[in-house]
Colleague: 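Structure below; questions to follow.
Because the structure is a prediction, the values reported are computed rather than measured.
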Amino acid sequence: MSVELDVFVGNTTIMDKEVYQLWLNGYTVNDAVKVRIEGGVMEECEASAEVLLSDTMDQYRTFQMCERLLHHPAKLANQLLFQIPPDRQAMLIERYYAFDDSFVREVLGKKLSKGTKKDLDDVSIKTGITLKSCRRQFDNFKRVFKVVEELKGPLVENIRQHFLLPDQLARDYAAIVFFANHRFETGKKKLQYLTFQDFAFCAGQLINNWTVGAVGKTNNMMEDMDVDLDKEFLQDLKDLKILITDKDLLDQHKNLVCTALRGKTNVFNEMEANFKNLSRGLVNIAAKLINAKDVRDFFIDLVEKFIEPCRSDKLTSIDVNLYLTHYTNSAHILDTFKHHAVWTRYMGVIKSCILRMYHD
Amino acid sequence: MPGKLKAKIVAGRHLPVMDRASDLTDAFVEVKFGNTTFKTDVYPKSLNPQWNSEWFKFEVDDEDLQDEPLQITVLDHDTYSANDAIGKVYIDIDPLLCSEAATVISGWLPIYDTIHGIRGEINVLVKVDLFNDLNRFRQSSCGVKFFCTTSIPRCYRAVMVHGFVEELVVNEDPEYQWIDRIRTPRASNEARQRLIFLMSGELQRKIGLKVLEMGGNAVVGYLQCFDLEGESGLVVRAIGTACTLEKISTFPATATHPNNSSPSKDMKDSPQAAPSTLGCRSTHSSPVHSASSRLSQGFSVSVPTLLFAGMKPRHRSSEVPRARQCRPGFGEEAPGVPLSSGPPTPLRAQTFSSFSPSKSYSRQSSSSDTELSLTPKTGMGSGGSAGKEAGPLKALLRQQTQSALEQREYPFFTLTAFPPGFLLHVGGVVSARSVKLLDRIHNPALGNTRSYKLLDWNSFTADEPETRDAWWEEIRQEIKSHAKALGCHAVVGYSESTSICEEVCILSASGTAAVLSSRFMQDGPLDTEHRLSRQPLCVFSTGSERVEGDMGSSASLGFEEVVSPGCGFCHIPYDELNIPFPAQLTYCYCCRRYKVPDVLFTTIDLPTEANVTGKGCLIQARLCRTKKKAQGEGNATAISSLLPFLEYELHTQLMNKLKLRGMNALFGLRIQISVGETMLLGLASATGVYLTALPSPGGIQIAGKTPSDITYEQHISTMQKKINDTIDKNKELYEINPPEVVEEIIGSPIPEPRQRSRLFRSHSESSDEVSELDLSHGKKDAFVLEIDDTDAVEDIHALLTDSPTPAGFYSCNTEIMPGIQNWTSAIQMFTSVRVFRLNANLTNQGLNKIFSDLCENLLKSLYFKLRSMVPCCLCHLNFTVAIPEDELIQVAVTAVAMSFDKEQPLENGKQSGEKTLIKAITENDEQLQFNLELNAETSSHNPLSSPKGLSEVGSHLSARASSLEKASPLPEGRSRSLRSNRSYSGSSVAVVKMTPLSFIPGAKIIKYLGIINMFFIRETSSLREEGGVSGFLHTFIAEVFAMVRAHVAALGGNAVVSYSMKECVFMENPNKNQAQCLINVSGDAVIFVRESELESTSVQTQSATTHTSNGGEGT
């Protein structure tokens, strides 16, 4: 004696948010039923375990049928098979494309290839996220990457339009795509303390200021993408080297900064002592960015060359802010320094990235 | 050539990848109607082709327009091999043939393949230019409106209710033809789908003809079913109620003074009057004509012809004896025969039927009506078909009186809700069943081998419909005689159904015997002029508001008898000295003047005006009976002998459950008996209510047979206590606290009983009262269940295992739930299907338990699923059971969940408000149509100003506007509005509501666009890959919903009302990884407008009116 077939189809597709989340999290039907029973829905609605099982199976089936539509969210709006109210559609999409920060930290900056996908079981074990969920998240990254790779125009806007994602989520995806595209190194031990949101913030800074699209925003005619860094700018960055190669300029710069900082901080001595070191670090990073290989090490370089020295000197983030502000501004006062525009564009991003990354 | 059908293929989207190499498709489209086919160009390498074809024009008979669907096939062009079919779209042209329905079909329709399901969508435009056909011999019935709704459709007024129309057509089932062995499953499925489309079209046309002959212009309560008889063929049959409807519009005066204004004038003025007069004019001549000219194509039975009559006896002689052999089981329910020797349990059900009397009755009726003896229908009495062999003279005679006869022969009405004043008294449920053996006619010589019109195979089943018709006629006669015995001249809420297993077929019919107001029907053969001049005085209207028309009908009601509408229908129609079944009569608890029975069973909806105490609830009786495997006649006999017991037990269960809930009446009773190889299933569903007019039901008393030992007594008393507690709990749950009535001597009319203030009594109090009642009210004696009786034990068990509905839920299988009015606009229609596999060797009790649990669990699941809608009511809960194969039970439910506000709103103010609004709308209706177009055009002029996701109504109005472009004087504007429409539909999908009810809460239906009647087959040979049986069926049902919605949206509608899934035949073969499913759905496509939006819309149109006039002057 068994139920051979059991279906429920509503004219408006009924979807339970809680079950949807369990499905997204990769729970099996039986596990999901257990979770629901523990959640107390049974007592609430005078239902039996049997009813819960039937409902869960039914919902899972519905989600599976919807999944192929969720791969192309725009289709969800003009497909005819399921009648889903717009707010529900938005919920389905948003949750489907939502990801776990702990998962994304593992694959951020990695190539979204089959090889990476094969390693997902390790990620699953490490993060405690089910393999099914890992695969979904990974496939989402890959799908978004593939679509926007071919598109022109602003990255975030493209993602938002093609995947109908809310603004914040679209920005996060832009960051993921950007990281995957440049293969930024994020997995090194020294970078472990950084959260995905730290990286996403930095990615946003880079996208908004250092890419081709960023230039486009000003003259409005550039139809190129946001994904690639502005080569011209990277080329120009090499000119900044003068700040450390020209001895006079370096001393002059140091004096200006020290004058400005004197008496404003407790760690003035350390700052003064370290000035040349830190400046060299930052300018070297800038000069190397023209090589794609060094771009990958951008974050590790920032940590090694700047954040770690500062931290060992026990600078607070207020100190760092103060230092970087004066460091940036003073360069403009140098008589022989001509590359003001490049300097501003470079230091603006560096400053906000470092400030964001400067925590425990 | 009375019609020109035009089709344009605009575009496709979401097409499947047909070319693996390029991941693209080279799609083109074939448009086929009848034998004419057009093709579009190939649109290479695209999944979203833009064909933008020319208009393909088909010049066709309107008859073909009615019968044939437009067939659109999307194919993938292949240079080297045969073109691959992507899928098909069948478009029913019928809604376009009626001036009042849709005028254009335009929109995205799913491309459907029977193997792969939906594969993308196609955007098409279809129109019909119909020339006025004045040919009096025509065989088409264009313009007759069809409604699935079993009440007078809202926004129409019934001028006259003509009566019962029925028809059936038969063909060979393509799946059982020799050719099926060599063709692909896809070809076979498509042949079947197409055949059923054709047969439905033909059936509808023929019914339409009958309606025209009767002088009507519409069929209400149209119920079409098909019987898959397997080897012996495919029967498509339909019944309905012919009416003359008039749109509530243009002349508000007629609504307010129905008695004064001459309806004949209305008829002339209203556009639909034209076809009706036309049909009447041809009344006398058309059947003759049809006999000679249409014979080669049609198989209509009801049009009597000499040729048919000549063929029949041979056939019948082989068929009739067999049918008669099975007749022992024919009379259903049979309180007399099996019971007299059985337990003394009093069966006081209202269902009436009997064995022997039925025959005498039918004879009686036939002798009273000489015309009847001419028909084959009464032939069964004399065992032959003398009437059929009657010469040409009689046939001629019949033809002359045909139209009159048609109405009198079966005073049946498929309606379940009636205009006020129509239903006078209700007698009770009448039903009849008959077991038949299906037999294929193997000898092709029996019928001329003719080719079915436009089909590519031969059919030699020409005289089959005669047999099937005769079967149904037998049953209808029986029903009629039952009704007569109940003192009723009509049967309302009438329906027919079948259950087929192998070669055995159970035919069932049931309805409610009733006395109707004679003024709404014709009472004799009248020719047209006569009829028109004697138009019924009562022009009543229905609508969501029962207020309109009341003033008119109340006056006319006057000379019947003055009864309060709240109880009048309960008063017995039969002679109280000659009660046809054991019942206890009391004086009506409302008016105290007429007798009422103690319980009332009906198949109709609860009349809106009925006085009801408390709320209602769904009551189900479920039963399973094992049966030995047998073949042929032996099997039929076995089933026949089981049927009466099955029905009796179902009845007892219903009665017990009704009493357990403290209620005294059942509405919407539907008893379904399903036959399988080794068992019979019976499922009776109804909505129980407490009618204030009827006496309060007694309790249920358990009695031990022998008062032996103490433990036994204790056992009984605990059971008794349990039952009493349940009754009390239920009374509280359903708010049944009837006004206290002083027991008085029968005959003394007392003033209106005082309404007792609503307060719940404590348990102990009320239980005291129950026992007190039991003692004092000798007449209201408790229903005694003897516990020694194993059946009784079972019954008690069943009674107590029915779990109550969870808090916040109510359920009923009728349209409305008494006690709930304030619906919100949240509705959720759903279909749920379960198949249960049984173990072999189960006892009856075990089976019963399983079956009952299956239904209960299904209900529980529904409550759980819909918990977010609480407080809500599951309305129109329609269960269908089937035994798809041995050891499988299939239960399918379609219903709608509607949530309501707990607080009662101010009824009166709302209603009057509604009324004025409707008036405003109807007055503006004609202008409205014109103006809407303008609206759409203005929006198309500046699309930027209109929001991206057009509001639901907005998009519909624009769609409708574009659909009205035919009437537009500006061709340029037309194309513009079309374009705009297309771009909207591309951006988002319009919401289409579906409901099995005839109304949408909080909304006003402003237009009926035509009937939706669709049939689909889905098959798979990769069942596991598609998610097993559940995955397969889930997808299929979702696809069917999607296709219904898309077709409604293409007609310009935003809802389907009176939706039903009439068939869901599921077959599986997991070993072969295969499954097949057939689904037949129907409903009425409508446009509704939210009441809240009504006002703004009308204001909008007002302003638009001024615009139009200005614009008109400009051009």
Colleague: Would R867(B) and F864(B) count as a cation-pi pair here, with the cationic atom under 6.0 angstrom from the ring centre and within 45° of the axis?
Modeller: yes
Colleague: Picking from Q890(B), E1068(B), E887(B), which has the most non-hydrogen pairs under 4.5 angstrom with chain A?
Modeller: E1068(B)
Colleague: State the CG-CD1 distance between L69(A) and I84(A), to the nearest 0.5 angstrom.
Modeller: 7.5 Å
Colleague: Can you find a pair of side-chain heavy atoms, one from K865(B) and one from Q59(A), that are under 4.5 Å apart?
Modeller: yes
Colleague: Heavy-atom distances under 4.5 Å only: say whether L866(B) touches chain A with side chain, backbone, both or neither.
Modeller: side chain
Colleague: Using side chain to side chain contact (heavy atoms under 4.5 Å, CB included), reason through C1064(B) and T880(B) one step at a time and then give a plain yes or no.
Modeller: CA-CA 9 Å; C1064(B) 178; T880(B) 34; over 6 Å; no
Colleague: Go through the atoms of D58(A) and report whether side chain, backbone, both or neither lie under 4.5 Å from a heavy atom of chain B.
Modeller: both
Colleague: Among I1037(B), V891(B), V1044(B), which has the most heavy-atom pairs under 4.5 Å with chain A?
Modeller: I1037(B)
Colleague: Quick one: of E121(B), K860(B), M1043(B), who has the most non-hydrogen atom pairs under 4.5 Å with chain A?
Modeller: E121(B)
Colleague: Distance check, rounded to the nearest 0.5 Å: D6(A) atom CG versus F836(B) atom CZ?
Modeller: 10.5 Å
Colleague: Under 3.5 Å, side chain of Y173(A) to main-chain N/O of Q168(A), donor-acceptor pair present?
Modeller: no
Colleague: Validate the cation-pi geometry between R136(A) and Y96(A): distance from NZ or CZ to the six-membered ring centre under 6.0 Å, angle to the ring axis within 45°.
Modeller: yes
Colleague: If only atom types and distance count, is the side chain of Y60(A) paired as donor or acceptor with the main-chain N or O of V29(A) below 3.5 Å?
Modeller: no
Colleague: Chain A heavy atoms under 4.5 Å from A1038(B): which part of the residue, side chain, backbone, both or neither?
Modeller: both
Colleague: Give the member of T1035(B), V870(B), I118(B) that has the highest number of heavy-atom pairs under 4.5 Å with chain A.
Modeller: T1035(B)
Colleague: Quick test of your reading of the model: are D139(A) and R135(A) salt-bridged, counting only N-O distances below 4.0 Å?
Modeller: no
Colleague: So for E50(A), is it side chain, backbone, both, or neither that comes closer than 4.5 Å to the heavy atoms of chain B?
Modeller: side chain
Colleague: Please classify the contact of H14(B) with chain A as side chain, backbone, both or neither, using a heavy-atom distance under 4.5 Å.
Modeller: side chain
Colleague: For A807(B), is it the side chain, the backbone, both, or neither that has a heavy atom closer than 4.5 Å to a heavy atom of chain A?
Modeller: both
Colleague: Heavy-atom pairs under 4.5 Å with chain A - which of M829(B), H1034(B), R834(B) has more of them than the others?
Modeller: H1034(B)
Colleague: How many angstroms lie between atom OG of S133(A) and atom CZ of F138(A), to the nearest 0.5 angstrom?
Modeller: 13.5 Å
Colleague: Given the options G1027(B), S861(B), P110(B), which has more heavy-atom pairs under 4.5 Å with chain A than any of the others?
Modeller: S861(B)
Colleague: Who among D16(A), L81(A), L52(A) has the most heavy-atom pairs with chain B under 4.5 Å?
Modeller: L81(A)
Colleague: Checking Y1059(B) against chain A: side chain, backbone, both or neither under 4.5 Å from a heavy atom?
Modeller: neither
Colleague: Who wins among M65(A), K75(A), H72(A), Q79(A) for the most heavy-atom pairs under 4.5 Å with chain B?
Modeller: M65(A)
